2 protein chains.
Amino acid sequence: MPKNCNFIEKLRDVGLRPTKQRVKMCEVLFNREKTFHFTINELVKMISEQMNQKISLATVYNTVHAFEKKGYLKEISIDSHRSYFDTNTSSHHHFFDEDTHQLIDIDKNDIDTINLKKNISGKKINSIEVLVRVASDNQNQK
Amino acid sequence: MPKNCNFIEKLRDVGLRPTKQRVKMCEVLFNREKTFHFTINELVKMISEQMNQKISLATVYNTVHAFEKKGYLKEISIDSHRSYFDTNTSSHHHFFDEDTHQLIDIDKNDIDTINLKKNISGKKINSIEVLVRVASDNQNQK
DNA sequence: ATACACATTATAATAATTCTAAACTATTGA
DNA sequence: TCAATAGTTTAGAATTATTATAATGTGTAT
């Protein structure tokens, strides 16, 4: 059984047609042990490297957004110039290394569950995200 | 004593020349009781309204970034298309109302201090930010 | 196999931000 | 007080990231 099969099913399940490009993107994104954090640019580069044929930039954007909408990907915004996507869509938190520009999962055991004593009235909490910015200990008067 | 005086001093203190534009921006940003959350677009609009003469968009960007670098403003990134600045640069957390697109401070008493049991080795924590996305209770299957 | 709805593509368009170079202004010190 | 100068503002051009367009291609149900 080829490893694509589950991706084809997975895509069908959420109502996305399993096109060549989408299946390829699934392979790149989800065929790995650990969760994966990436920018659009990094993803485009990886796909180009792993595919013989070219993929359109528009397709990558469309597909990433389709995956996001269907709950396969989650966006993590760092600042106005840097936005990542995360293959781990469950509720979890991140370190952002300002030296290497890497996003790193915070282990569930290393942070207490956030609990709010009050919420905005009439509103429902959709998500709670913690971002911990870290940088090298010496060069910190940038 | 005109209310500008302290802004002129404040600007001098951090090594920024107190130009007309910067003093005006200080007035708009810091001459208020509560902390202020704004996008660049909103700020440009407010300044234009309060000033007789026009201000260049480039100046607003430059000045906001100068203020940010000097610690007068903090950026809060919501997603790749929406970035706010906050006049409250002390460590605190936010609600983001996905209906009204408003950023709202979380009262210090309503959230426990985040404490991490582990940090990335060799790294120093620069900031810890919590973002709580909320939306109207009914229309939540968007 | 066919038809239809949906996807992909290259390219154009848009939007947000930064760059550029000329004109301007605050500061310094003679 | 008055240059000199260093930093600032400006309009507009350039750049970058993202989205729209419209033609072509493809997956799926019949």
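Naming: A, B, ... by sequence-line order, numbering from 1 per chain. On a predicted model such as this, the values are computed, not experimentally measured, just so you know.
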Show which side-chain atoms of residues 106-114 of chain A pair as donor or acceptor with protein atoms under 3.5 Å away, not counting sequence neighbours.
from      : atom 1 : to        : atom 2 : distance (Å)
Asp107(A) : OD1    : Asn109(A) : N      : 2.8
Asp107(A) : OD1    : Asn109(A) : ND2    : 3.1
Asp112(A) : OD1    : Lys117(B) : NZ     : 2.8

Starting from [atom2] on [N], measure out to [atom1] on [X] and report it in whole angstrom.
{"X": "Lys45(B)", "N": "dA16(C)", "atom1": "NZ", "atom2": "C1'", "result": "18 Å"}
{"X": "Leu16(B)", "N": "dA6(D)", "atom1": "CG", "atom2": "P", "result": "18 Å"}
{"X": "Lys69(B)", "N": "dT18(C)", "atom1": "NZ", "atom2": "P", "result": "12 Å"}
{"X": "Glu9(A)", "N": "dG27(D)", "atom1": "CD", "atom2": "P", "result": "15 Å"}
{"X": "Phe7(A)", "N": "dG27(D)", "atom1": "CZ", "atom2": "P", "result": "18 Å"}
{"X": "Ile55(B)", "N": "dG12(D)", "atom1": "CD1", "atom2": "C1'", "result": "17 Å"}
{"X": "Ile47(B)", "N": "dT9(D)", "atom1": "CD1", "atom2": "P", "result": "11 Å"}
{"X": "Lys70(A)", "N": "dA7(C)", "atom1": "NZ", "atom2": "C1'", "result": "15 Å"}

### Residues that Lys24(A) engages under salt bridge (Lys or Arg N to Asp or Glu O under 4.0 Å), provided they are two or more places apart
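Expected list: Glu27(A).
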
About how many Å separate [atom2] of [Y] and [atom1] of [X], when rounded to the nearest 0.5 Å?
{"X": "Arg12(B)", "Y": "Leu16(B)", "atom1": "CZ", "atom2": "CG", "result": "11.5 Å"}
{"X": "Glu98(A)", "Y": "Thr100(A)", "atom1": "CD", "atom2": "OG1", "result": "10.0 Å"}
{"X": "Phe85(B)", "Y": "Glu68(B)", "atom1": "CZ", "atom2": "CD", "result": "5.0 Å"}

### Message
Let's see if you can work this out: which of dA11(D), dT8(D), dT9(C) has an atom nearest to the side-chain heavy atoms of Arg22(B)?
### Response
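Comparing dA11(D), dT8(D), dT9(C) against the side chain of Arg22(B), the answer is dT8(D).
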
Which donor-acceptor pairs under 3.5 Å do the side chains of residues 38-47 of chain B make with protein atoms, sequence neighbours left out?
from     : atom 1 : to       : atom 2 : distance (Å)
Thr39(B) : OG1    : Glu42(B) : N      : 3.1
Glu42(B) : OE1    : Thr39(B) : N      : 3.1

All N/O contacts under 3.5 Å from nucleotides 15-18 of chain D to the protein, with atom names and distances to one decimal?
from    : atom 1 : to       : atom 2 : distance (Å)
dT18(D) : OP2    : Tyr61(A) : OH     : 2.2
dT18(D) : O5'    : Tyr61(A) : OH     : 3.2
dT18(D) : O3'    : His81(B) : NE2    : 3.3

### Query
For dT9(D), does either OP1 or OP2 sit under 4.0 Å from a side-chain N or O belonging to Gln53(B)?
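Negative; the distance criterion is not met.
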
Dump the pairs, protein N or O against N or O of nucleotides 20-26 of chain C, anything under 3.5 Å, distances to one decimal.
none

### Task
Report the residues that fulfil ring-ring contact (aromatic ring centres under 6.0 Å, His included) with His92(A), sequence neighbours left out, ordered by chain and then residue number.
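ring-ring contact (aromatic ring centres under 6.0 Å, His included) check on His92(A) returns His94(A).
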
### Query
Does Phe30(B) have its ring centroid less than 6.0 Å away from the ring centroid of Tyr72(B)?
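Yes, close enough.
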
### Message
One thing to verify: whether Lys123(B) and Asp137(A) come together as a salt bridge, which I'm taking to mean a side-chain N less than 4.0 angstrom from a carboxylate O.
### Response
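Judged by the 4.0 Å cut-off on N to carboxylate O distance, Asp137(A) and Lys123(B) do not form a salt bridge.
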
